[in-house]
Each structure stands twice: as structure tokens, then as C-alpha cells.
Enquirer: 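My questions will all concern the structure given below.
A, B, ... follow the sequence lines: proteins, then strands. Residue 1 opens every chain.
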Amino acid sequence: MRPPTNQEIIKLLSEMVVFYEMDDVPFKPQAYERVVQAIETLDREVADIYNEQGVDGLRKIPGVGEGIAYHLELLIKKGTFLEYEKYKKKIPVRISELLAVEGLGAKTIKTLYQKLKIKNLADLEKAATAGKIQKLPHFGAKSEEKILKGIEFLKKSKGRFTLGHLLPIINLIENRLRKIPGVQHVTTAGSVRRMQDTVGDIDILVTAKNSAKVMEVFVKMPEVEHVYGRGLTKTNVRLNLPAGGGIDADVRVVPEAVYGAALQYFTGSKEHNIEVRKLAIKKGYKLSEYGLFRGKKLIAAKTEEDVYKKLGLIWIPPEIRTASGEIEAALRQAQGISPGLPNLIPYGSIRGDLQIQTNWTDGANSLEEMVKAAMAVGLEYIAITDHTRSLAMTGGLDEKGLARQAKEIDRINKKLQATCLPDRQASYPMGRWPTGQIGKLQVLKSAEVNVLKDGKLDIADEALKKLDLVSMAIHSHFHLSEKEQTERIIRAIKHPLVNIFFHPTGRVIGRRPAYALDMAKILRAAKEYGVAMEINSFPDRLDLKDTHIRQAVEIGVKLVIDSDAHSVQHFAFYNLGIGQARRGWATKKDVLNTLPCGEFLKAIKSLKK
DNA sequence: GCCGTTTTCGGCCCGACTGTTTTCAGTCG
């Protein structure tokens with residue numbers, strides 16, 4: 001039997017949360033919830049941990065004690081456990097299916113099952129359409145309508161959206177709210193401020209004197225499809241997105257005097273906030289979105305810095321507020337003990353882009369157009385990385401093709417440096433580039449060399465030697481076993497000419513999961529054989545993931561952050577990649593392409609002892 | 001069911017809004 005994946009374990013444990021809640025069992029739901037959260041942020045398979053370290057390994061997962069470790073062991077060995085089977089028999093309801101409907105929770109699911117025998121989404125829709133739900137005690141016409149709306153939403157919604165695709169609409173909404181008289185701050189908090197790769201909803205925090213006016217403007221926006229709830233401090237709507245689909249958005253309006261406390265609260269993550277509030281309680285305080293209090297006395301609220309400081313912490317960057325060691329680090333730093341918080345890589349600090357495709361293969365623009373666009377966003381060097389021979393669908397280049405392209409690059413290097421000066425003041429969707437020295441964009445010869453099934457590269461060494469930089473990538477045989485895939489990748493990493501591993505997990509958010517691989521092993525090999533790992537900034541790649549970046553940083557593997565631009569519009573995404581790097585605790589020193597061109601080349605070559 | 005610079009027993013985050021109520025439970029973040 002195949003051992004359960006983390007996703008399957010999470011689904012089962014989440015159902016246990018609801019079963020216990022339906023059964024009015026106290027405290028167990030929270031205990032299970034905590035384990036679900038821990039496994040969600042785990043960068044390894046629980047089954048692998050068990051196979052290597054047994055029950056002791058399971059108990060090292062935060063929140064897993066004797067009882068849950070025992071359940072997990074059975075789950076891994078038998079695919080289920082007694083307690084779960086017991087409840088499934090007692091309450092034969094498709095929990096996760098019903099839970100996905102907006103507004104339904106454990107208690108409602110219980111009532112619907114007991115009174116109307118509703119076991120799944122189809123039963124629910126039938127009962128709601130027939131008007132049976134509104135006749136139940138404590139339900140009414142509105143509850144029923146809400147359920148039908150929820151089902152409809154579920155049918156056409158794809159769930160989470162990538163941050164990169166949402167930013168334009170978020171900027172639009174923020175700007176509308178900023179124009180309202182009396183409005184002071186407008187900040188999108190939540191997962192957007194934490195720069196998470198995907199976003200489930202949009203949380204906008206506003207400070208204003210007249211909240212009624214803010215809510216009025218907000219609910220009347222053309223994108224608003226439905227208003228879930230509207231109050232003077234909180235309004236909740238559903239937006240229609242221009243690209244199709246819909247997403248929920250909240251606005252909270254608070255007085256300017258409590259902006260910091262509210263921002264801290266609404267930025268999350270939920271887990272981070274729970275830890276911070278526990279710390280507050282320990283110190284005799286109470287923390288809410290209205291401030292830090294001792295009894296009824298307000299201690300801090302104006303800025304986030306104040307709130308953290310009064311708790312004995314230093315300010316923690318939003319990207320790492322995940323309850324995974326940042327609070328302890330902030331505590332240490334406030335006391336002058338190291339290691340404190342990492343000095344995260346600043347936005348706007350990328351000087352060179354090492355993955356760019358042109359119309360020599362699957363890019364939309366010519367080499368020259370891409371070079372000009374790169375200069376316009378203020379880059380100092382770029383590597384041209386068209387695909388190689390075996391990627392037939394893109395018309396991948398062979399050794400001769402690469403040689404021809406090299407000549408073209410030589411020509412452009414000569415021509416453009418004299419004639420095209422970058423406009424470093426230009427403002428771009430993702431932010432403003434720093435002013436600096438002008439001129440001199442260096443175009444490097446490179447390639448996105450395809451790794452064959454056996455781990456060999458598809459270009460001869462003689463041709464690779466002529467490139468400034470060699471990058472490898474996986475584009476086929478995604479379904480090898482974890483062991484085979486890992487060995488294949490490590491064989492390629494061992495190649496003496498390889499410098500960078502592009503989009504290492506191969507995931508495409510919302511379309512394709514990562515292929516099976518043992519990232520810890522791959523990172524150790526990358527360290528040993530001097531290969532840098534890419535953080536691909538493309539909105540639906542963002543690969544490496546945050547947890548892998550943190551592993552890489554801990555091991556001392558060097559990183560690069562690229563756009564993977566396939567057209568001139570794609571130079572707008574660096575800050576997504578930097579946000580991802582920050583989520584992985586990366587500093588400027590960890591990311592090689594924050595260096596000027598000459599130093600970068602020296603640094604990346606020196607990895608290969 | 002978990003966990004420990006108040007604790008190996010006794011705690012477990014906080015508040016807004018809704019719908020159906022006549023004082024509040026459920027859901028959400």
C-alpha cells in the first residue's frame with residue numbers, strides 16, 4: 001500500500017477537527033488543528049519521517065503528542081486509524097465537501113445531518129432548493145439563500161489566486177479608497193502583505209474619520225458581486241475578477257490611533273498572532289486589534305513597532321510571521337542574544353537576471369527587445385537562456401544554434417552599450433528601481449540546458465564551455481519515483497559545468513504539482529558541487545518554495561532570483577521572487593545576483609572549487 | 001490532546017457580524 005501523502009493526512013485530520021466539534025468534545029479540535037497547521041508547513045513527507053525515525057520522529061512535529069503520534073502511525077501503516085473510522089461510521093458525512101461551503105461550520109453540518117440527513121454537497125443543494133433548510137429552527141430564508149450562494153461560488157471558484165495576478169486589482173482598490181476625504185492609511189494586510197505565493201482573500205485595513213463613507217464606496221465598486229456583511233468597522237464582499245472567477249475581500253476601518261495594533265492583527269498569520277497573544281498574556285497583557293492592554297489601560301497601539309517592543313520583541317517583517325521561530329529570534333535580538341532575526345534581502349536589490357527566453361525559442365520578443373526592456377528596468381546584466389535541443393516543442397537550440405546566438409549576443413553587446421541608456425527613474429508595477437550608475441548592460445551567454453531522463457545534459461561539454469553560465473532544468477519525465485528523480489537531478493548537479501538549477505521543483509501553481517524529489521538531498525548536493533538554486537519569480541512558479549529556501553539558507557546553498565521572462569512585460573515580477581526569498585529567511589548575501597556583474601561571475605564560478 | 005521561565009495538572013486567542021432570536025450561537029479571520 002502506498003503511504004498517505006501530507007495532503008491526504010491533512011484532509012483526514014481536518015475531518016477529525018470537525019468530528020470532535022460536532023461531538024462537542026472540548027479542546028481536541030484545537031489540538032488537531034495545530035497539527036494540521038504544522039504538517040501544512042512541513043517540507044517533508046510525514047510518511048518519510050516515520051520510516052526514518054519512527055514514532056519519535058512523528059512526535060517532533062509541533063503539536064504531536066502520544067495520542068496523535070499513535071494515530072499517525074496507524075494512518076501511515078494502514079491508511080486509516082480507529083478513532084477516524086469510529087466517527088465516520090457514527091457520522092457518515094462528507095465533511096470536507098460541506099466545509100468548503102462559505103458559512104458552514106461543524107455545528108451547522110451537524111444540524112443539517114441530524115434534521116435533514118444531509119451528507120454531501122448534492123444533498124445540501126437539493127434541500128436548499130426545495131426550501132427545506134429555512135424551516136429548521138434557528139435557520140431562515142436568508143441562511144438558505146446564503147448556502148445556495150455558497151454552493152454556486154464553490155462551483156465556479158478555483159480557490160486561491162496567485163499573488164502576482166491579484167496585485168493590479170488590489171492596487172486599483174487601494175487607490176480608490178485613498179481618494180476618499182478623511183482617509184489616512186490604506187494598507188492591504190493578510191497574506192498579501194506577507195507576500196504569500198497564493199492568496200485566498202483580500203484584507204484591506206483603512207484608518208479614517210468617517211467609516212460610513214469608506215464602506216459606501218467599497219460596496220459600490222463595480223467589481224462587487226455580493227455583500228456578505230456590512231458594518232461600520234467591518235464589511236465583507238465578494239469580487240468578480242476581470243480575469244474570471246471571484247475572490248472575497250474585507251475592509252476594516254479603525255481609528256488612526258490604533259493603526260499599528262490593527263495592522264499587526266490583520267497581517268497575521270493566524271498562527272503568528274496566536275503566539276504573540278500568548279506572549280502578551282504571559283506578560284499580563286491582552287492584545288487585540290484595538291491595542292495592547294493591561295487591564296483597561298492602553299499600553300501600545302499606534303505603530304506595529306510599539307506593540308512588538310512592549311512585548312519585549314523587535315519588529316518582525318510580515319513575510320516571516322509564520323510562527324516558525326521568528327518570535328523567539330526577535331526575543332533574542334531584543335535581548336542582544338544571537339542569532340536574532342535575519343537581515344532579509346531588501347526589495348529592489350536584484351542587479352542581474354539569469355533566466356530570460358527570447359524568440360530564438362519560446363519567448364515572444366527578440367533578443368534585442370529583451371535587452372532593451374532589461375535596461376529599462378535598471379538591470380546591470382542579464383543571461384540569455386533559451387531552451388536546448390531536446391525540448392523540441394520550443395525549437396530548442398543545439399550546439400550550432402548556441403554558437404550562432406553567441407555571435408548575435410556579441411553584436412548586441414557592442415551596439416547597445418553605446419546607444420541605449422537605461423531610464424533608472426522609471427516606475428514599474430512592482431516598485432521603483434533605485435538610482436545608480438548608468439549605462440553598461442552586460443549580456444551573458446547562457447542556456448536553459450535540458451536534463452535527460454538519465455541525468456545527462458542534452459548539449460555537448462565543448463559547447464557548454466563556451467557559455468558564460470550554464471543552467472539546468474527538468475522539462476520531462478515528471479513522474480519518476482522520488483528516488484529516481486532525486487538521483488537523476490543529483491547526477492546533473494554533479495556535472496562540472498553546471499552553475500544554476502532552474503525552477504527546481506517544477507511546480508506550476510494551480511496546474512501542476514511539484515515532481516517527487518528529496519529536496520534535502522538535492523540541496524546538500526548543490527552545496528557540495530557548487531550549484532546555485534533559482535528562485536523563479538514568475539507568479540505561478542515561485543520555485544523554490546519558501547520552506548525550501550529556508551533549508552537552502554541553513555545549509556549554505558547560494559540562491560539567484562530570476563524573472564524567467566518570456567516577454568518584455570515579464571520584467572515586472574522580481575519583487576514576488578524577493579518576497580519569496582524573504583519568506584525563506586534569505587539575506588542579501590545568500591542571493592548572488594545582488595552582486596555587480598563581475599563580482600557575481602566570480603562568486604558563482606568560485607562555488608565550483 | 002498537548003504542554004510547561006507561574007504549571008506534570010490545569011489551562012487552552014480575540015472580537016465583529018449575521019440571523020434568528022428576546023440574549024445568543026455559529027462562523028470567520
Side-chain angles (χ1 to χ4, degrees), chain A residues 13 16-22 24-38 58-72 83 98-112 133-147 149-150 189-191 194 199-205 211 215 227-237 248-254 258 261-262 264-293 312 323 328 331 335:
Chain A
L13 295 182
M16 286 307 298
V17 172
V18 179
F19 281 142
Y20 282 131
E21 277 180 358
M22 288 170 84
D24 290 319
V25 179
F27 302 113
K28 288 194 188 186
Q30 293 95 310
Y32 276 78
E33 185 70 55
R34 180 148 183 249
V35 176
V36 166
Q37 171 58 33
L58 296 178
R59 294 202 52 171
K60 283 184 199 144
I61 300 169
V64 175
E66 196 185 338
I68 295 182
Y70 173 70
H71 291 326
L72 282 176
E83 193 75 357
L98 293 178
L99 211 52
V101 179
E102 165 89 29
L104 288 198
K107 302 289 166 160
T108 313
I109 292 173
K110 182 183 179 182
T111 309
L112 292 173
I133 291 175
Q134 57 174 300
K135 295 196 180 110
L136 294 176
H138 294 277
F139 287 80
K142 284 207 171 162
S143 342
E144 193 170 79
E145 190 187 334
K146 197 177 161 196
I147 286 173
K149 282 227 151 115
S191 50
R194 299 199 312 276
V199 174
D201 63 359
I202 301 169
D203 302 299
I204 303 169
L205 177 66
S211 74
M215 297 312 188
V227 179
Y228 293 115
R230 177 174 172 181
L232 277 178
T233 66
K234 178 179 177 177
T235 290
N236 192 352
V237 304
D248 291 348
D250 295 350
V251 160
R252 299 286 298 238
V253 181
V254 300
V258 302
Q264 195 284 325
Y265 179 87
F266 294 117
T267 297
S269 68
K270 191 178 173 191
E271 294 69 32
H272 173 88
N273 282 358
I274 288 174
E275 294 304 313
V276 172
R277 265 175 256 144
K278 281 183 183 166
L279 184 66
I281 290 169
K282 229 181 250 174
K283 291 181 177 285
Y285 297 123
K286 186 188 74 166
L287 180 63
S288 77
E289 58 262 54
Y290 296 110
L292 184 67
F293 295 88
E328 294 81 351
L331 212 50
Q335 295 165 356

Enquirer: Between Leu292(A) (CG) and dC14(B) (P), how many Å, whole number?
Expert: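 Going from Leu292(A) (CG) to dC14(B) (P), I get 12 Å.
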Enquirer: Would you please indicate yes or no on a ring centroid separation below 6.0 angstrom for Tyr32(A) and Tyr20(A)?
Expert: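 Ring-ring flag for Tyr20(A)/Tyr32(A): true, centres closer than 6.0 Å.
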Enquirer: Nearest-Å distance, CD (Glu271(A)) to P (dG29(B))?
Expert: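 The distance from CD of Glu271(A) to P of dG29(B) comes to 13 Å, rounded to the nearest Å.
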Enquirer: When the distance from OH of Tyr70(A) to C1' of dC2(B) is rounded to whole Å, what number comes out?
Expert: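 Interatomic distance, OH of Tyr70(A) to C1' of dC2(B): 19 Å.
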Enquirer: Pairs under 3.5 angstrom, nitrogen or oxygen only, protein versus nucleotides 23-26 of chain B, please.
Expert:
residue : atom : partner   : partner atom : Å
dG26(B) : O3'  : Thr108(A) : OG1          : 3.1

Enquirer: Does the side chain of Val254(A) come within less than 4.5 Å of Thr233(A)'s, by heavy atoms?
Expert: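 No, too far: nothing below the 4.5 Å cut-off.
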Enquirer: Considering only atom P, compute the distance from dG1(B) to dT6(B) and round it to an integer number of Å.
Expert: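 After rounding to an integer number of Å, I get 27 Å for this pair.
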Enquirer: Once you round it to whole Å, what is the distance between C1' of dG29(B) and CD of Gln264(A)?
Expert: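 Atom CD in Gln264(A) sits about 14 Å away from atom C1' in dG29(B).
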Enquirer: Under a 4.0 Å threshold between the charged nitrogen and the carboxylate oxygen, would Asp203(A) count as salt-bridged to Lys234(A)?
Expert: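 No, this pair does not count.
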Enquirer: I want to verify a distance call: between dG15(B), dC2(B), dC12(B), whose nearest atom is closest to the Arg34(A) side chain?
Expert: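 So the nucleotide nearest the side chain must be dC2(B).
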Enquirer: Take nucleotides 17-22 of chain B nucleotide by nucleotide from the 5' end and write B, S or -, depending on whether a protein heavy atom sits under 4.0 Å from the base, only from the sugar-phosphate, or from neither.
Expert: SSSSS-
Enquirer: Please determine, for dT8(B), whether a Watson-Crick or G-U wobble partner exists with both distances under 3.5 Å, and give it or none.
Expert: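 Pairing partner, where one exists within any strand: none, as none qualifies.
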Enquirer: Over how many whole Å does the gap from Ile281(A) atom CD1 to dC12(B) atom P extend?
Expert: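 Computing the Ile281(A):CD1 to dC12(B):P distance gives 7 Å.
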Enquirer: Please check: side-chain N/O of Asn273(A) versus main-chain N/O of Tyr265(A), any donor-acceptor pairing under 3.5 Å?
Expert: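 Answer holds: yes.
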Enquirer: At 4.0 Å (heavy atoms only), tell me whether Val64(A) reaches a base, stays on the sugar-phosphate, or touches nothing.
Expert: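 Sugar-phosphate contact only.
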Enquirer: Between dT20(B) and dC14(B), how far apart are the P atoms? Round to whole Å, please.
Expert: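 Roughly 30 Å separates the two P atoms.
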Enquirer: Find the distance Lys149(A):NZ to dT27(B):P and express it as a whole number of Å.
Expert: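 For the pair Lys149(A) NZ and dT27(B) P, the rounded distance is 20 Å.
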Enquirer: I'd like the P distance from dT23(B) over to dC28(B), given in whole Å.
Expert: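 Those two atoms are separated by 26 Å.
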Enquirer: Between Glu289(A) and Arg252(A) (salt bridge meaning N to carboxylate O under 4.0 Å), is one present in this structure?
Expert: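 A salt bridge is present here (some side-chain N lies under 4.0 Å from a carboxylate O).
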Enquirer: Between atom NZ in Lys278(A) and atom P in dG11(B), what is the gap in whole Å?
Expert: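 From Lys278(A) NZ to dG11(B) P: 15 Å.
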Enquirer: Could you tell me whether the side chain of Arg34(A) reaches within less than 4.5 Å of the side chain of Val64(A), counting heavy atoms only?
Expert: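 A side-chain contact is absent here, since even the closest heavy-atom pair is not under 4.5 Å.
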Enquirer: Counting only heavy atoms from other residues, nucleotides and ligands, does the tally under 6.0 Å from OH of Tyr228(A) exceed 12?
Expert: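 Buried by this count: over 12 neighbours within 6.0 Å.
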Enquirer: Residues in side chain to side chain contact (heavy atoms under 4.5 Å, CB included) with Thr108(A), at least two apart?
Expert: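 Once residues adjacent in sequence are excluded, the partners of Thr108(A) under the side chain to side chain contact (heavy atoms under 4.5 Å, CB included) criterion are Leu104(A), Leu112(A), Phe139(A).
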Enquirer: Could you tell me whether a side-chain N or O of Ser269(A) sits under 3.5 Å from a main-chain N or O of His272(A), the two making a donor and an acceptor?
Expert: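 Present.
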Enquirer: Take atom C1' in dC12(B) and the same atom in dA16(B), then report the distance between them in whole Å.
Expert: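 Going atom to atom, C1' in each nucleotide, I get 22 Å.
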Enquirer: Report yes if the side chains of Ser143(A) and Gln134(A) come closer than 4.5 Å at any heavy-atom pair, otherwise no.
Expert: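 No, side chains not in contact.
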Enquirer: Under the 3.5 Å rule, do the base of dG15(B) and the side chain of Tyr290(A) count as making a donor-acceptor pair?
Expert: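 A donor-acceptor contact between them is absent.
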Enquirer: Between Tyr20(A) and Lys282(A), who's closer to the 5' end of DNA chain B by nearest nucleotide?
Expert: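 Residue closer to the 5' terminus by nearest nucleotide: Tyr20(A).
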Enquirer: Which residue, Ala31(A) or Lys270(A), contacts DNA chain B at a nucleotide closer to its 5' end, judged by nearest heavy atom?
Expert: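 With Ala31(A) and Lys270(A) compared, the 5'-side residue is Ala31(A).
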Enquirer: Heavy atoms under 4.0 Å, any strand shown: does Asp201(A) hit a base, just sugar-phosphate, or nothing?
Expert: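 Sugar-phosphate contact only - Asp201(A) comes under 4.0 Å of backbone atoms but never of a base.
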Enquirer: When the distance from CG of Asp250(A) to C1' of dC28(B) is rounded to whole Å, what number comes out?
Expert: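 Asp250(A) atom CG is separated from dC28(B) atom C1' by 9 Å.
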